[in-house]
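Everything below concerns the one structure shown next.
For this chain, numbers begin at 1 and follow the sequence in order.
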Amino acid sequence: MHIVEMLKTEGVAGATVFRGIAGFGKHSRIHTTSILRLSTDMPILIEVADLEENIDRIRPKLDEVINQGLITEEKVKIVFYDSDKNK
């Protein structure tokens, strides 16, 4: 939650956290959810949507808090954003 709270404080347009049910990384060890154990090392994806200049502005702050992981960047076209249909 620290990263999501930091993104909100920085005024990022939106962020969503997804928790994986299975995955593996650079050590090729498969991590899965299990009834018998609650894993703290499950894959997590934080998807952030904002303008390129805002992403560039917060990237150094992400570098400070992310010790290991993978950051990917994709250009997206936001088709519908505002949920207020009365506008």
### Non-hydrogen side-chain atoms of Arg57 and Glu10 separated by less than 4.5 Å
yes
### Query
Side-chain heavy atoms under 4.5 angstrom apart, residues restricted to Ile, Leu, Val, Met, Phe, Trp, Tyr: same cluster for Val65 and Val48?
yes
### Message
Hydrophobic clustering (ILVMFWY, side-chain heavy atoms < 4.5 Å, transitive) - are Val76 and Leu51 grouped together?
### Response
no
### Query
Below 4.5 Å, heavy atoms only, C-beta onward: do Ile55 and Arg59 meet side chain to side chain?
yes
### Heavy-atom donor-acceptor pair, Asp50 side chain to Ala13 backbone, under 3.5 Å
yes
### Query
Are Lys8 and Val4 close enough, and set up right, to give a side-chain contact (heavy atoms from CB on, under 4.5 Å), and what steps lead you there?
CA-CA 6 Å; Lys8 186 173 189 285; Val4 173; 5.6 Å; no
### Message
Tell me whether the count of non-hydrogen atoms from other residues, nucleotides or ligands lying under 6.0 Å of CD in Glu47 goes above 12.
### Response
no
### Query
Do Phe18 and Ile71 belong to the same hydrophobic cluster, where Ile, Leu, Val, Met, Phe, Trp and Tyr are linked whenever their side-chain heavy atoms lie under 4.5 Å apart, directly or via other members?
no
### Query
Same cluster for Ile66 and Leu45 if Ile/Leu/Val/Met/Phe/Trp/Tyr side chains link at under 4.5 Å?
no
### Nearest atoms (heavy-atom pairs only) where Ala15 meets Leu7
CB-CD1, 3.9 Å
### Query
Which is it for Val12 and Asn54 under the side-chain contact (heavy atoms from CB on, under 4.5 Å) test, yes or no, and what are the steps along the way?
CA-CA 7 Å; Val12 169; Asn54 289 335; 5.8 Å; no
### Message
Atom CD of residue position Glu53 - does it have more than 12 heavy atoms of other residues, nucleotides or ligands inside 6.0 Å?
### Response
yes
